[in-house]
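Hydrogens, waters and symmetry mates are skipped; everything else that's a heavy atom, side chains included, is used.
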Amino acid sequence: PWLWGSPDPCRRWTYLFLLGFEGSRSYEVYNRFEPARVKALISRPGYQPHYTDVATKNNERFLREARRGRKRNHFEVLYAHAGDAVQAWRVIEKAMAEDGDDTNTCIIPLGPRPHALGGGLKAMADGKSSILFLMPNKFSIKDVPRGRDLWLYKIRI
């Protein structure tokens, strides 16, 4: 509920990409919607030290195209810890506040689950932002080594 947002057709759009390892998906959305304003949230640090580099490399085409379009649009890269939904929420909230009230925001959760959780909760709390959720191209089981920290989120609505 409430994740369609309440976009105003008279306002400009900012697309906020929460980037992970599926770079083809980020480029697919960017190419399809051709947003004038783009922000990308990347994990730093990642669950593993090299994951920031992996996400950056996998999203190279998207990042290159978004930067190239910078002359005609706005582009910014943001960072938040891969396992911290609260920090991701704060970064997203700050990025949206910088855009002002005259902007529609579409959040595209393609990155770590805590970033998606932070983006979803921000959208639900403000009631204005839209979430564009893409179904995965495929489902696979991956062994992910446990990180140093174990995060527990208790959410009450």
Side-chain angles (χ1 to χ4, degrees), residues 1-47 51-136 149 151 153-157:
W2 310 295
L3 296 182
W4 286 107
S6 54
D8 181 338
C10 297
R11 294 180 180 168
R12 62 187 175 173
W13 279 90
T14 296
Y15 276 59
L16 179 53
F17 290 81
L18 312 181
L19 298 180
F21 295 164
E22 289 190 274
S24 62
R25 303 306 301 270
S26 58
Y27 180 76
E28 174 186 327
V29 172
Y30 178 79
N31 192 44
R32 180 175 176 196
F33 292 100
E34 299 178 347
R37 300 177 61 79
V38 178
K39 296 186 181 195
L41 178 62
I42 300 176
S43 301
R44 187 171 70 189
Y47 286 111
Y51 280 7
T52 299
D53 294 336
V54 172
T56 302
K57 181 171 178 21
N58 289 0
N59 286 280
E60 189 173 52
R61 184 175 184 197
F62 160 73
L63 293 168
R64 184 179 59 246
E65 291 298 319
R67 282 189 179 103
R68 182 180 299 155
R70 193 169 19 186
K71 291 184 173 108
R72 69 180 193 286
N73 67 13
H74 174 82
F75 176 70
E76 184 178 4
V77 176
L78 312 163
Y79 297 94
H81 189 289
D84 193 339
V86 175
Q87 184 185 29
W89 183 341
R90 287 183 182 141
V91 168
I92 292 166
E93 187 168 50
K94 182 176 183 240
M96 289 172 60
E98 290 170 355
D99 285 342
D101 290 334
D102 64 336
T103 303
N104 295 313
T105 302
C106 182
I107 300 170
I108 300 100
L110 297 169
R113 285 176 183 86
H115 285 194
L117 178 61
L121 290 173
K122 170 60 182 143
M124 201 165 92
D126 74 21
K128 297 183 299 184
S129 307
S130 302
I131 298 285
L132 176 59
F133 178 77
L134 303 175
M135 293 298 292
D149 300 313
W151 295 85
Y153 296 98
K154 293 183 180 182
I155 301 168
R156 284 183 240 147
I157 298 178

Got a second to check how far Ile155's CD1 is from Leu121's CG, nearest 0.5 Å? 5.0 Å
Atom CZ in Arg37, atom CD in Glu76: separation rounded to 0.5 Å? 9.0 Å
Donor-acceptor under 3.5 Å (Thr52 side chain, Pro45 main chain): no
Closest approach of Ala66 and Tyr30, non-hydrogen atoms and distance? CA-OH, 3.6 Å
Drop me the distance from Ser129's OG to Trp4's CH2, to the nearest 0.5 angstrom. 14.5 Å
Separation of Leu41 CG from Leu110 CG (nearest 0.5 Å): 11.0 Å
In terms of heavy-atom contacts, does CG of Asp102 have more than 12 from other residues, nucleotides or ligands at under 6.0 Å? yes
Go through the steps for Asn59 and Phe17 under the test side-chain contact (heavy atoms from CB on, under 4.5 Å), then give the verdict. CA-CA 11 Å; Asn59 286 280; Phe17 290 81; over 6 Å; no
Closest non-hydrogen atoms of Ser43 and Pro112, given as atom of the first, atom of the second and distance, are OG-CG, 3.0 Å
Evaluate the side-chain contact (heavy atoms from CB on, under 4.5 Å) criterion for residues Ile108 and Cys106: first the C-alpha distance (whole Å), next the side-chain angles of each, then the deciding distance (0.1 Å), finally the verdict. CA-CA 6 Å; Ile108 300 100; Cys106 182; 4.3 Å; yes
Stepwise side-chain contact (heavy atoms from CB on, under 4.5 Å) check, Asp126 with Met96: CA-CA 11 Å; Asp126 74 21; Met96 289 172 60; 3.1 Å; yes
Partner of Thr103 under side-chain hydrogen bond (donor to acceptor under 3.5 Å, both in side chains), chosen from Arg11, Arg12, Lys128, Glu98: Arg12
Where do Gly23 and Ser26 come nearest, in terms of heavy atoms and distance? O-OG, 2.8 Å
Does atom CZ of Arg64 have more than 12 heavy-atom neighbours, drawn from other residues, nucleotides or ligands, at distances under 6.0 Å? yes
Tell me, please, which residues at least two apart from Glu28 pass salt bridge (charged side-chain N to carboxylate O under 4.0 Å, His left out). Arg25
Run the side-chain donor-acceptor check on residues 78-86: report pairs under 3.5 Å with partners two or more places apart or on a different chain.
unit_1, atom_1, unit_2, atom_2, d
His81, ND1, Gly83, N, 2.8
Asp84, OD1, Val86, N, 3.1
Asp84, OD1, Gln87, N, 3.0

Find the distance between CZ (Phe62) and OG1 (Thr56) and round it off to the nearest 0.5 Å. 11.5 Å
Can you tell if the side chain of Ile92 reaches within under 4.5 Å of the side chain of Leu18, non-hydrogen atoms only? yes
If the plane angle is over 60° it's perpendicular, under 30° parallel, otherwise tilted; pick one for Phe21 and Tyr51. perpendicular
Nearest-0.5 Å distance that lies between atom OH in Tyr47 and atom CZ in Arg113: 8.0 Å
Quick one: does any side-chain atom of Asn104 pair with a main-chain N or O of Trp13 as donor and acceptor, under 3.5 Å? no
Go through the structure and list residues passing side-chain hydrogen bond (donor to acceptor under 3.5 Å, both in side chains) with Glu93, not counting sequence neighbours. none
Taking every non-hydrogen atom, the tightest pair across Ile107 and Gly119: CD1-O, 3.6 Å
